[in-house]
Amino acid sequence: MTELPPLREVIKRHGLSASKALGQNFLFDHQLLARIAKVPGSIEGAEVFEVGPGPGGLTRALLEGGAAVTAVERDRRCIPALAELGDFFPDKLKVIEGDALEVDAPSLFAGKPHIVANLPYNVGTALLIGWLSASWEPWWASLTLMFQKEVAERIIAPAGSDAYGRLAVLAQWRSTPRIAMTVHRSAFTPPPKVMSAVVHIVPAEAPEGVRLQVLEGLTAAAFGQRRKMLRQSLKGVPGALEAMEQLGIESSRRAETVSVAEFVALARALS
């Protein structure tokens, strides 16, 4: 074989179908996959970490973009198709059979990889939170991740919007997220019930004097009772009401009106 066979042909030959239990939805559109692979910028010669490559549609696009790809796949049915892809790109694809939530990913790379993934819906948010909660500067260069559109909107939400919550604060206090593109449900096989979006996140400098645990505790309390005023939702957080008064944050406000910068200032006062 001198030419890469079409993805549909590979899937048919290996008898693959998307697993509902693993939250899989396959993408076949080569142009769309190439656009996703370009979201981080030029990946020529870069290291890329891919989670849940499935039969390797996005993997192909990343390899064609010149990246060296390390992929973690827990569905062993897909391993032979990925091995076949590796034969076309010698020494450029390393496939690890395992669960991305358990793999020690930073140890797999010499430098800082771009993480690019059409994430399985059932583990996407957990993986994102893990990557955002890592020590700073993080071990990755950027994140380019496909989510349900609703989750993507929660990541980039501004204060005051319905989608604004803990995920927005966690994503925005020391990184910059944006929606790079939306993807129609019809692009997937099988089509999911919802629309999807690709989120691109680049790390920023962490604000000084703020401990992540403090910020997480604050947002958990504030958004855990988001309809209540801060004087109610934060009364169980030691020192929070006093710190709010010092910072001039009205205790009659609700969590969704408090900006990321205000949460950071509050966390700094309590750190």
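None of these values were measured; they are calculated from a predicted model.
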Distance in Å, D99 CG paired with R74 CZ, rounded so as to fall on 0.5 Å steps: 5.0 Å
Enclosure of Q31 CD (heavy-atom neighbours >12, cutoff 6.0 Å): no
Verdict with reasoning, E245 to R231, per salt bridge (charged side-chain N to carboxylate O under 4.0 Å, His left out): CA-CA 10 Å; E245 196 177 335; R231 70 166 71 101; over 6 Å; no
CD (E205) with more than 12 external heavy atoms under 6.0 Å: no
Minimum heavy-atom distance A37-I43, with the two atoms named: O-CD1, 3.8 Å
Passing candidate, side chain to side chain contact (heavy atoms under 4.5 Å, CB included) with F89, options T59, L62, L4: L4
Closest non-hydrogen atom pair between A269 and L247, with its separation: CB-CD1, 4.5 Å
Under 3.5 Å: donor-acceptor pair, side chain of E73, backbone of D75: yes
Over 12 non-hydrogen atoms of neighbours within 6.0 angstrom of CD in E150: no
E153/K149 salt bridge by N-O under 4.0 Å criterion: yes
Connected via hydrophobic side-chain network under 4.5 Å: V202 and M181: no
Atom pair CD/CZ of Q148 and R154 - distance to nearest 0.5 Å: 9.5 Å
Cluster link V237 to V258, ILVMFWY, side chain under 4.5 Å: yes
Same apolar cluster (I L V M F W Y, side chains within < 4.5 Å links), M229/M244: no
Over 12 non-hydrogen atoms of neighbours within 6.0 angstrom of CG in D91: no
Side-chain ion pair, E84 and R13, N-O less than 4.0 Å: yes
Closest approach of P5 to F88 (non-hydrogen atoms, all atoms of both residues): CD-CZ, 3.9 Å
Residue of the set V69, T70, D87 for which side chain to side chain contact (heavy atoms under 4.5 Å, CB included) holds with L93: V69
Closest contact, heavy atoms only, G56 versus L7: C-CD1, 4.4 Å
Whether over 12 other heavy atoms sit under 6.0 Å from R35 CZ: no
Hydrophobic cluster membership, L230 vs L270, 4.5 Å side-chain cutoff: yes
Nearest-0.5 Å distance, CD1 of residue I155 to CG of residue L170: 9.5 Å
Approximate separation, where rounding is to 0.5 Å, of L266 CG and L218 CG: 4.5 Å
Stepwise side chain to side chain donor-acceptor pair (under 3.5 Å) check, E50 with H114: CA-CA 9 Å; E50 187 185 6; H114 294 285; over 6 Å; no
Reported NE2-to-CZ distance for the pair H30 and R60, which is rounded to 0.5 angstrom: 8.0 Å
Student check: side-chain heavy atoms of H200 and L143 closer than 4.5 Å: no
Gap separating the CG atom of L132 from the CH2 atom of W140, nearest 0.5 angstrom: 5.5 Å
Under-4.0 Å salt bridge between E262 and R253: yes
Geometric class of the W131/F49 ring pair [parallel <30°, tilted 30-60°, perpendicular >60°]: perpendicular
F28-F188 aromatic ring centre distance below 6.0 Å: no
Side-chain (S175) to main-chain (A171) donor-acceptor, under 3.5 angstrom: yes
pair I179-V198: side-chain heavy atoms closer than 4.5 Å: no
Check: L108 and I96 side chains under 4.5 Å, non-hydrogen atoms: yes
Taking every non-hydrogen atom, the tightest pair across G98 and V72: O-CG1, 3.4 Å
Note, P80 side chain near L82 side chain (heavy atom, < 4.5 Å): no
Short N-O contact, R174 and E137, less than 4.0 angstrom: no
Heavy-atom pair with the smallest gap, counting every atom of P207 and R268: CB-NH2, 3.6 Å
Joint cluster assignment, V183 & M195, ILVMFWY side-chain distance < 4.5 Å: no
